[in-house]
J.: 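Here it is: the structure, laid out below.
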Amino acid sequence: MPGVPTSRGCEACRKQKKRCDQEQPACGRCLRLGIPCVGGGARRFKFTENRTPDHASSGIFVTRTTPPPRDPPQRAIAKRAAATIHVAPARALCGDTARLRASLISMLEVKDARYNLGYYGPFFAHLPCRLGVHPALDAAVAAVTHSAPCLFKQESSSLALEKYGRALYMLRLSLHDGAVDLAIETLCTIYLLWISEDWITGHSEGHLMHTHVIALLLKSVARRPDLDAFQTQLLRTLCMAVLVHSVFDPRVHLDTLVINRFLIHGPPIPSSNQLASPFETLTVPNFARIPRLIHNPEHHLPQLTALYAQMQADFPKLRAIAVSSTLQASPTASLEAIRSQINYQTAYGLFLAVAIMLNRLCWVADGSRRYLIGELDLLVEEVVELGRRGLVLRPLGSHYMPMSLSAAWAAVGFEEDDGAEVRGRKMEIEALAREYCSSEGLMQAWRARGVQTRRQFERFRRKMDGKDEVGLVLRGGPGLGLVAVD
C-alpha cells in the first residue's frame with residue numbers, strides 16, 4: 001500500500017542525505033556545486049508488499065496505513081479513520097466437485113456419435129446434478145472422465161488406472177457402510193466402473209462380477225417407491241444390460257420381480273427410447289423370457305418353437321428397414337439421426353444373434369427341418385453385413401457387434417461337416433471380429449464366448465439323444481420367407 005515520505009528535497013540532496021532548502025528553480029547546494037537540481041519540493045510515494053495473513057481463508061483481510069510522525073494530529077486521525085476492513089471477493093467455483101462436473105459436461109457435449117455417452121443410457125444427462133453427495137459415485141465419474149483418452153488412443157494410462165483403483169476403493173467403503181442406504185448411487189457407481197474398465201482394457205466382452213452385483217442390487221431396490229427420472233432411467237438401463245448378458249451367459253440371472261417392476265409394469269417407455277420396439281419379438285415382455293428358453297430349451301420346447309416362428313415373421317420387416325436408404329445416415333447427418341441409426345442397428349444385431357441361437361437349438365431338436373440350414377446362412381450373412389456397416393461407428397456406436405459375431409461364429413459349422421466353405425465363413429467372421437477387438441487378449445475372450453455358446457448347443461444335443469417325440473413338437477414352421485423350404 002502507498003505511503004508518503006516526509007522529505008521533499010531534490011534527488012541530489014536526498015542521495016547524499018543532505019538537508020535541501022527546496023528553493024526554485026534550484027536549491028542552494030546544487031547552485032553551489034553546479035549540478036542539476038531535480039525533484040525539489042515534489043511529493044514522493046513508497047509501496048510496500050501486501051501480505052495476506054494465515055487466516056485469510058476466512059474471506060477478510062485488514063489494511064492499515066501508518067501516518068507520518070510529523071503530520072498534524074488532525075491528519076493522523078483522518079488517516080486512522082480511513083483504515084477500513086475489506087471483504088475479499090468470493091472465490092471462483094474451482095473445487096473438486098466443480099471440476100469433475102465440468103469434465104463430465106464436456107464429455108456429454110461431444111457431438112461425434114462414435115464417442116457419445118448417450119449410448120450408455122439417457123440417465124447420463126442427469127448425472128452432473130448428482131455429484132458431490134456420494135463419494136463413490138464421484139470417484140467413478142472421475143474414473144470415466146480420465147479413461148476417455150484410453151478410448152481415443154486405444155491404450156491404457158497410469159492416471160486412468162489410478163482413478164479406477166481409487167473408485168474401486170471408494171466403492172468398497174460404500175458397500176461396507178450399512179448406515180447409509182444409497183443402493184441406487186452404488187448401482188450407478190458399479191455401472192460407471194464397468195464402462196471405465198471397458199475403455200481401459202479396450203472394449204472387453206463383459207464382466208461377470210459386475211452383472212452379478214448389479215442383478216443383486218436391482219433386486220434390493222425393486223420395491224422402492226417414488227423413483228425420480230434419473231433413478232428410473234438408470235434402473236431401466238441396468239436391467240436391459242443385465243438381461244442382454246443373460247442371453248449369452250447362463251450364469252447371469254435377472255429376477256422376475258426386477259423385470260416386472262422396471263421394464264414391464266413401469267411407466268410407459270417413449271417411442272423414441274431405444275428400449276421401445278414396434279416389433280413383437282423385441283418387445284420387453286417377449287425379450288425377457290428369451291434367456292430362460294435358450295438356457296433350458298429341453299423344458300420349453302413349445303415356447304421356443306413359437307418364439308422362433310415369431311422371429312421368422314419379424315425378420316423380413318427388420319431386414320427391409322436395415323437395407324433401406326432411410327436408415328443409412330450420411331456423415332453430415334445430425335447427432336439425433338445417427339443415434340437413431342445406432343439404436344436400430346443395436347436392436348437388429350441382438351435380434352440376429354438370438355435368432356441364430358434359436359435356429360441351432362431347433363436344428364438340434366429336429367434335424368429333419370433342412371430349411372433351417374438355409375435360414376442360418378442368411379442370418380449369418382446379415383450379421384456379417386451389419387458388422388461391416390458398423391465399422392464406421394466404432395468404438396461406441398457398434399459396441400454390440402462382438403456379441404452378434406460370437407453367436408454367428410459358434411453356430412457356423414455346428415452339426416455339419418467342416419468343409420472349405422464353412423472354414424472360409426469362420427475365417428471371415430474372425431477377421432471381422434478382430435476389427436472390433438483391439439488386442440489378442442480380447443480376441444481370445446471373444447473366442448471363449450463363442451466356444452461357450454457352442455458347448456451349450458452340444459449339451460442340448462446330448463440331452464435330446466433318444467427323444468424322438470421331440471420332433472413331433474417342433475415339426476413344421478413357415479420359414480423366414482426369404483429362402484426356399486424343402
Side-chain angles (χ1 to χ4, degrees), residues 113 119 240 243-244 247-248 263-264 268-291 293-294 302-330 333 336-363 369-390 392-393 397-401 403-405 407-408 411 474 476-486:
Y119 170 82
M240 286 304 300
L243 189 59
V244 168
V247 172
F248 301 94
L263 295 179
I264 297 180
I269 300 177
S271 58
S272 58
N273 193 286
Q274 60 183 352
L275 301 181
S277 172
F279 300 99
E280 187 65 23
T281 308
L282 299 179
T283 57
V284 173
N286 275 338
F287 190 82
R289 61 192 181 101
I290 289 177
L293 301 183
I294 288 180
Q303 296 91 333
L304 187 147
T305 307
L307 178 61
Y308 187 66
Q310 227 171 46
M311 303 190 83
Q312 289 172 325
D314 283 345
F315 177 74
K317 308 170 191 176
L318 289 166
R319 185 172 184 266
I321 298 175
V323 299
S324 65
S325 58
T326 57
L327 190 62
Q328 310 304 320
S330 64
E336 290 73 18
I338 299 178
R339 187 179 294 172
S340 298
Q341 176 189 4
I342 292 174
N343 289 341
Y344 183 85
Q345 290 187 353
T346 301
Y348 187 47
L350 185 59
F351 172 90
L352 292 173
V354 173
I356 287 173
M357 297 178 72
L358 292 179
N359 177 284
R360 289 295 85 186
L361 293 175
C362 291
W363 168 257
R369 301 171 67 184
R370 303 295 300 176
Y371 63 85
L372 291 174
I373 299 176
E375 291 180 349
L376 176 66
D377 293 339
L378 180 60
L379 293 170
V380 171
E381 181 63 29
E382 283 296 303
V383 170
V384 172
E385 289 298 324
L386 186 63
R388 290 169 180 165
R389 292 196 297 269
V392 298
L393 298 172
S398 53
H399 199 276
Y400 59 92
M401 276 311 304
M403 285 188 177
S404 300
L405 291 171
L474 297 178
L480 292 175
L482 299 176
V483 294
V485 179
D486 293 341

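Start at 1 with the first residue, then count along the sequence.
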J.: Angle class for the Phe315/Tyr348 ring planes (parallel below 30°, perpendicular above 60°, tilted otherwise)?
T.: parallel
J.: If you look at every heavy atom in Ala355 and Met311, which pair is closest and at what distance?
T.: N-CE, 3.6 Å
J.: Where do Ser404 and Gly349 come nearest, in terms of heavy atoms and distance?
T.: OG-O, 2.8 Å
J.: Nearest 0.5 Å please: distance from the CG atom of Leu350 over to the CD1 atom of Ile290.
T.: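 If we round to the nearest 0.5 Å, Leu350:CG and Ile290:CD1 are 7.0 Å apart.
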J.: Say you draw a straight line from OH of Tyr344 to CZ of Phe351; how long is it, rounded to the nearest 0.5 Å?
T.: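 Rounded to the nearest 0.5 Å, the OH-CZ separation comes out at 9.0 Å.
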J.: CG/Leu361 to CG/Leu293 distance, rounded to the nearest 0.5 angstrom?
T.: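 Answer for the CG-CG pair, Leu361 versus Leu293, is 9.5 Å.
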J.: Tell me, with the steps shown, if Val244 and Phe287 meet side-chain contact (heavy atoms from CB on, under 4.5 Å).
T.: CA-CA 9 Å; Val244 168; Phe287 190 82; 4.2 Å; yes
J.: Quick one: closest heavy-atom pair of Gly387 and Met401, and the distance?
T.: CA-CE, 3.3 Å
J.: Of Arg388, Arg319, Arg389, which is the lone residue that meets salt bridge (Lys or Arg N to Asp or Glu O under 4.0 Å) with Glu382?
T.: Arg319
J.: Which distance, rounded to the nearest 0.5 Å, do you find between the CD1 of Ile356 and the CG of Leu376?
T.: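 The CG atom of Leu376 is 6.5 Å from CD1 of Ile356, to the nearest 0.5 Å.
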J.: Going from CD on Gln312 to OG1 on Thr305, what distance comes out if it is rounded to the nearest 0.5 angstrom?
T.: 9.5 Å
J.: First locate atom CG of Leu372, then atom OH of Tyr308, and finally report the distance between them rounded to the nearest 0.5 Å.
T.: 5.0 Å
J.: Work out which heavy atom in Leu243 is nearest to a heavy atom in Ala288; give both atom names and the distance.
T.: CD2-CA, 3.9 Å
J.: Are any non-hydrogen side-chain atoms of Leu393 and Gln345 less than 4.5 angstrom apart?
T.: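 Sidechains of Gln345 and Leu393: in contact.
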